[in-house]
Amino acid sequence: ETVGLVGESGSGKSTLALAAMGYLKAGLQVTGGSVHFGTHDMFGLSRSALEFVRGGKVALVPQNAGQSLTPTLRVGSQILEAVALHSDLPPVEHERRVIALLRQVRMPDPQAMASRYPHELSGGQQQRVAIAIAFACRPKVIVCDEPTTGLDVTVQAEIMDLLQEIRKDLNTAIILVSHDLLLINEICDDIVVMHAGVTVEKLRSSQIEDTRHPYTQALYNSRIDLVKPRGKLVTIKGQPPTVGAWPTGCRFAGRCDFVKDSCSEEKEIPLVSVGDNHGTACLRHSEIWK
């Protein structure tokens, strides 16, 4: 499956996705919950055990491939390092695997591309190298942290098609982080909507027109529709609350058109089931959507 994490900038998508790999940014600590990959507790593993899981079992396609690639190493060497660290192939097969990976991500003339440095590649080609590194050892899960940011629309579509193609070939699950609800809805099987550090709705992509949370509905209504333009763009009023200074109750209450006093009286608004594989954290869902 492909699971999408969607929400505005600062909603916690990337933090959650990286936490799924057992990674915390400096200054962060786990205060509750857990992350499990198979039988592994990702925050209970030793450093060496975590390195075994990362890259080999759970891999990352970063937001900015140009910054994630080492500028002084040829791209073939960087893919080779991933193959050597996480595969069971004999060393004599490593270089052949590198060329096969570059061919799999549709790089022209893989042999020549392997000898180039990152700055000699376009943004789209750099992202293909990052995908090749991520898929080098046939991982079970790929975390894609806004993998098309900064790329033009045509290249974005090519990158997403490529990810989908490889996912099907290798039977790999994908966690896709994006602020683009239309992209998430088109690519993903399941959608997790985040706002101000919490999940406000979980649903199947087929249920996107039957959202049961005002924030998800606002995201959907503010989409850009190139097929049927709707005139002036609709925006979500206000700004997300300041990180760490969370309001009591629903964190979307200050921006919501349906807010009542009860929305701020509860300490936390839990997800409640509103259908098959569909949960929402809205207290008024049964009143608003009858």
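Note that the numbering runs from 1 along the sequence shown for the chain.
Inter-residue side-chain proximity for Y220 and E209 is flagged as met; some heavy-atom pair is nearer than 4.5 Å.
Residue-environment remark: CD (Q164) exceeds the threshold of 12 foreign heavy atoms within 6.0 Å. Residue-environment remark: CZ (F258) exceeds the threshold of 12 foreign heavy atoms within 6.0 Å.
Not counting sequence neighbours, the partners of E51 by the salt bridge (charged side-chain N to carboxylate O under 4.0 Å, His left out) test are R47. In this view, E165 and R106 satisfy the salt bridge (charged side-chain N to carboxylate O under 4.0 Å, His left out) rule, not counting sequence neighbours. Under the side chain to side chain donor-acceptor pair (under 3.5 Å) criterion, T211 pairs with no residue, sequence neighbours left out.
Ion pair D257/K237 flagged as a salt bridge, since at least one NZ, NE, NH1 or NH2 atom sits closer than 4.0 Å to an Asp/Glu carboxylate oxygen.
Between H213 and Y215, the ring planes lie perpendicular to each other; the angle is over 60°, past the 30° to 60° tilted range.
The hydrophobic clustering, which links ILVMFWY residues whose side-chain heavy atoms are closer than 4.5 Å, places I184 and V141 apart. Linking Ile, Leu, Val, Met, Phe, Trp and Tyr residues whenever their side-chain heavy atoms come within less than 4.5 Å places L101 and I142 in a single cluster.
Side-chain N or O atoms of R128 include one that pairs as donor or acceptor with a backbone N or O of V105 at under 3.5 Å.
Judged by distance alone, the side chains of R167 and T2 do bring a donor and an acceptor atom under 3.5 Å apart.
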